[in-house]
Number of protein chains: 2
Amino acid sequence: METEKRNQIATEVLSNPRNQQEEVQALQDTLYVLGGKWKLPIINSICNGNKRFRDIERSIPGITTRMLSKELKEMTANQLIKRTVTAETPVIVEYTSTEYCRSFGDIILEMIRWGKSHRKRLKGSAD
Amino acid sequence: METEKRNQIATEVLSNPRNQQEEVQALQDTLYVLGGKWKLPIINSICNGNKRFRDIERSIPGITTRMLSKELKEMTANQLIKRTVTAETPVIVEYTSTEYCRSFGDIILEMIRWGKSHRKRLKGSAD
DNA sequence: CAGCATCCCAGGGGATACTG
DNA sequence: CAGTATCCCCTGGGATGCTG
């Protein structure tokens with residue numbers, strides 16, 4: 001194996017230390033926005049067309065109403081999603097994704113792809 | 001705006017409910033492996049060629065020795081990185097990425113890209 | 001259905017100090 | 001340099017129950 005050859009994620013960009021600082025910051029920014037266990041699954045769910053509270057809830061294994069409620073509120077405040085109330089006798093609330101929200105699409109796709117590729121490893125090997 | 005047109009991240013795949021279950025699971029798997037504040041920055045750092053403890057530490061703003069130590073140990077156990085001891089008078093330890101580790105490359109790239117694009121928004125708007 | 005309120009706990013994670 | 005050890009706090013997040 002070539003010890004010389006540095007492990008690099010990308011090409012020239014990352015080899016520049018000056019750039020690396022930027023990269024790290026950018027990465028941490030993203031991690032900050034996406035922090036927590038549920039934001040990405042929620043975004044994913046809504047982007048997939050789920051609009052109603054219960055629908056979203058059911059589409060995400062393991063989430064509780066409390067968490068969904070909290071995140072939804074926070075994400076609405078952060079312009080990630082839009083909350084719309086339609087009827088009011090039996091209240092109908094709908095959540096939809098904003099452009100901002102959809103900007104996570106590629107990240108989510110990559111993560112789904114990764115998850116699929118490595119599913120066996122998660123089960124196969126002892127922790 | 002077309003209410004008909006579902007917000008979709010991808011094309012045909014996601015429109016199938018059967019598939020969606022898989023996607024969610026895959027997403028959550030990935031989130032599980034990558035959980036926490038530091039794993040991705042650490043992976044990124046090591047993949048960028050940082051090998052020594054101090055170097056990695058310095059390359060990640062905000063991380064503490066404790067956290068780095070903990071994560072490094074865990075990630076070594078999980079085959080994400082490899083730990084090699086060279087000299088022993090002044091102990092020299094080097095961390096290098098495994099193939100498995102590098103499989104996160106695309107995710108990291110996407111997140112860096114996102115972070116760069118949305119930097120202004122993070123500062124511009126009040127939380 | 002669409003949530004809010006409460007209770008409660010594990011553990012993620014920071015600060016600081018110490019060792020080989 | 002390369003960590004380990006403690007102390008300690010906060011909050012993410014689960015369970016459960018209640019309201020409009």
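Note that the structure is predicted; figures quoted are calculated from it, not measured. Throughout, protein chains are lettered first and strands after them, A, B, ... in sequence-line order, and every chain is numbered starting at 1.
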Taken to the nearest whole Å, CE/B/Met67 to C1'/D/dC9 is 13 Å
With under 30° as parallel and over 60° as perpendicular, where do the rings of A/His118 and A/Trp114 fit, or are they tilted in between?
parallel
Distances under 3.5 Å only, N/O to N/O: pair up the protein atoms with those of nucleotides 3-7 of chain D.
residue: D/dG3; atom: OP1; partner: B/Arg83; partner atom: NH1; Å: 2.3
residue: D/dG3; atom: OP1; partner: B/Tyr95; partner atom: OH; Å: 3.4
residue: D/dG3; atom: OP2; partner: B/Tyr95; partner atom: OH; Å: 2.6
residue: D/dT4; atom: OP1; partner: B/Lys73; partner atom: NZ; Å: 3.2
residue: D/dT4; atom: OP2; partner: B/Ser69; partner atom: OG; Å: 2.2

Whole-Å gap separating P (D/dG13) and CD (A/Glu57)
16 Å
Could you tell me whether the side chain of B/Ile46 reaches within less than 4.5 Å of the side chain of B/Leu80, counting heavy atoms only?
no
Using side-chain heavy atoms (C-beta onward) and a distance below 4.5 Å, is B/Thr65 in contact with B/Arg54?
yes
Starting from P on D/dA2, measure out to CZ on B/Arg58 and report it in whole angstrom.
9 Å
Taking any atom closer than 4.0 angstrom to a non-hydrogen atom of chain B, what span of DNA chain C does the protein reach, first nucleotide to last?
C/dG13 to C/dA15
Do A/Glu71 and A/Ile63 have side chains that get closer than 4.5 Å, going by heavy atoms?
no
Whole-Å gap separating P (D/dA2) and CD1 (B/Ile81):
13 Å
Answer whether the closest heavy-atom distance between the side chains of B/Val93 and B/Phe53 falls below 4.5 Å.
no
Stepwise side chain to side chain contact (heavy atoms under 4.5 Å, CB included) test for A/Ile92 and A/Arg52:
CA-CA 8 Å; A/Ile92 290 187; A/Arg52 315 289 299 275; 3.8 Å; yes
Is there a side-chain contact between A/Asn48 and B/Val24 in this structure, where contact means two heavy atoms from C-beta onward sitting under 4.5 Å apart?
no
Within a strict 4.5 Å, meaning less than it, do heavy atoms of the A/Ile60 and B/Gln28 side chains meet?
yes
Are B/Lys116 and A/Glu23 within salt-bridge range, i.e. N to O under 4.0 Å?
yes
Test side chain to side chain contact (heavy atoms under 4.5 Å, CB included) applied to A/Lys39 and A/Glu74, step by step:
CA-CA 10 Å; A/Lys39 292 213 182 56; A/Glu74 188 181 331; 3.6 Å; yes
Estimate the overall bend of the helix from C/dC1-D/dG20 to C/dG20-D/dC1 from the end axes over five pairs each, rounded to 10 degrees.
50°
